[in-house]
Amino acid sequence: MRPIVEFCTNNMHRGTDAVMRELEQNPDIDVIEYGCLGNCGQCYMEPYALVNGEIVPAETADELLQAILHKIEQWEKQFDWLDE
């Protein structure tokens with residue numbers, strides 16, 4: 001199962017467009033762009049994305065990329081027992 005990262009087009013002015021393009025290069029991550037994710041307050045305040053439905057915020061786009069990768073790593077660790 002691949003992680004799903006969702007972006008709001010209204011948040012792209014905060015640099016999330018570059019984060020989205022970076023993640024799209026990874027074939028193990030599903031990246032989806034929506035016109036609106038319905039988190040307008042969050043969208044107005046800071047860069048953010050949804051990782052498997054959970055809001056991942058950051059102060060900058062670079063920090064957002066790192067936060068998303070960290071969240072995906074945490075998510076993948078939940079399934080480590082399947083490899084045993």
Side-chain angles (χ1 to χ4, degrees):
M1 190 155 92
R2 297 187 312 191
I4 299 171
V5 181
E6 301 166 276
F7 290 91
C8 179
T9 58
N10 295 316
N11 196 246
M12 295 296 172
H13 71 282
R14 298 200 170 274
T16 57
D17 56 332
V19 174
M20 185 176 76
R21 284 193 304 272
E22 176 78 22
L23 293 173
E24 286 175 329
Q25 302 302 312
N26 186 333
D28 295 327
I29 301 173
D30 287 332
V31 178
I32 304 170
E33 177 184 359
Y34 291 102
C36 180
L37 290 173
N39 299 304
C40 300
Q42 188 86 39
C43 191
Y44 176 76
M45 298 297 291
E46 60 195 349
Y48 85 101
L50 296 180
V51 177
N52 295 322
E54 186 176 333
I55 293 176
V56 176
E59 290 188 24
T60 67
D62 290 335
E63 289 177 10
L64 178 62
L65 177 59
Q66 295 310 310
I68 289 169
L69 294 174
H70 180 71
K71 181 59 76 176
I72 290 172
E73 184 180 308
Q74 287 179 324
W75 179 77
E76 289 174 338
K77 283 182 182 181
Q78 294 178 28
F79 301 101
D80 282 349
W81 64 273
L82 293 172
D83 293 332
E84 295 175 1

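Ala61 approaches Gly15 most closely through the heavy-atom pair CB-O, 3.5 Å. For the residue pair Leu64 and Ala49, the shortest heavy atom distance occurs at CD1-N, 4.1 Å. Considering all non-hydrogen atoms of both residues, Pro57 and Ala67 come closest at O-CB, 4.3 Å. Across every non-hydrogen atom of Gly35 and Cys8, the tightest pair is O-SG, 3.8 Å. For the residue pair Cys36 and Asn10, the shortest heavy atom distance occurs at CB-ND2, 4.1 Å.
Within the structure, side-chain hydrogen bond (donor to acceptor under 3.5 Å, both in side chains) contacts touching residues 59-73 (residues at least two apart or in different chains) are Glu54-Lys71, His70-Gln74.
For the atom pair CD (Gln78) and CG (Asn52), the distance works out to 8.5 Å, reported to the nearest 0.5 Å. To the nearest 0.5 Å, atom CD of residue Gln42 and atom CG of residue Leu50 are 9.0 Å apart. Leu65 contributes atom CG, which lies 11.5 Å from atom OG1 of Thr16 (distance to the nearest 0.5 angstrom). Here Ile68 contributes atom CD1 and Phe7 contributes atom CZ; the two are 4.0 Å apart, rounded to the nearest 0.5 Å. Residue Leu23 holds its CG atom at 11.5 Å from CG of Asp30, rounded to the nearest 0.5 Å. To the nearest 0.5 Å, the span separating CD on Glu6 from CG on Leu37 amounts to 6.0 Å.
Here the side chain of Arg2 pairs a donor or acceptor atom with the backbone of Pro27 at under 3.5 angstrom. Side-chain atoms of Asn11 come within 3.5 Å of backbone atoms of Tyr48 as a donor-acceptor pair (strictly under, hydrogens ignored).
In the hydrophobic clustering of this structure, Ile4 does not group with Val56; members are Ile, Leu, Val, Met, Phe, Trp, Tyr whose side-chain heavy atoms approach within less than 4.5 Å, directly or through other members. Val51 and Met20 fall within a single hydrophobic cluster, where Ile, Leu, Val, Met, Phe, Trp and Tyr are joined by side-chain heavy atoms under 4.5 Å apart, directly or via other members.
Val5 pairs in a side chain to side chain contact (heavy atoms under 4.5 Å, CB included) with only one of the listed residues (Ile72, Ile32, Asn26), which is Ile72.
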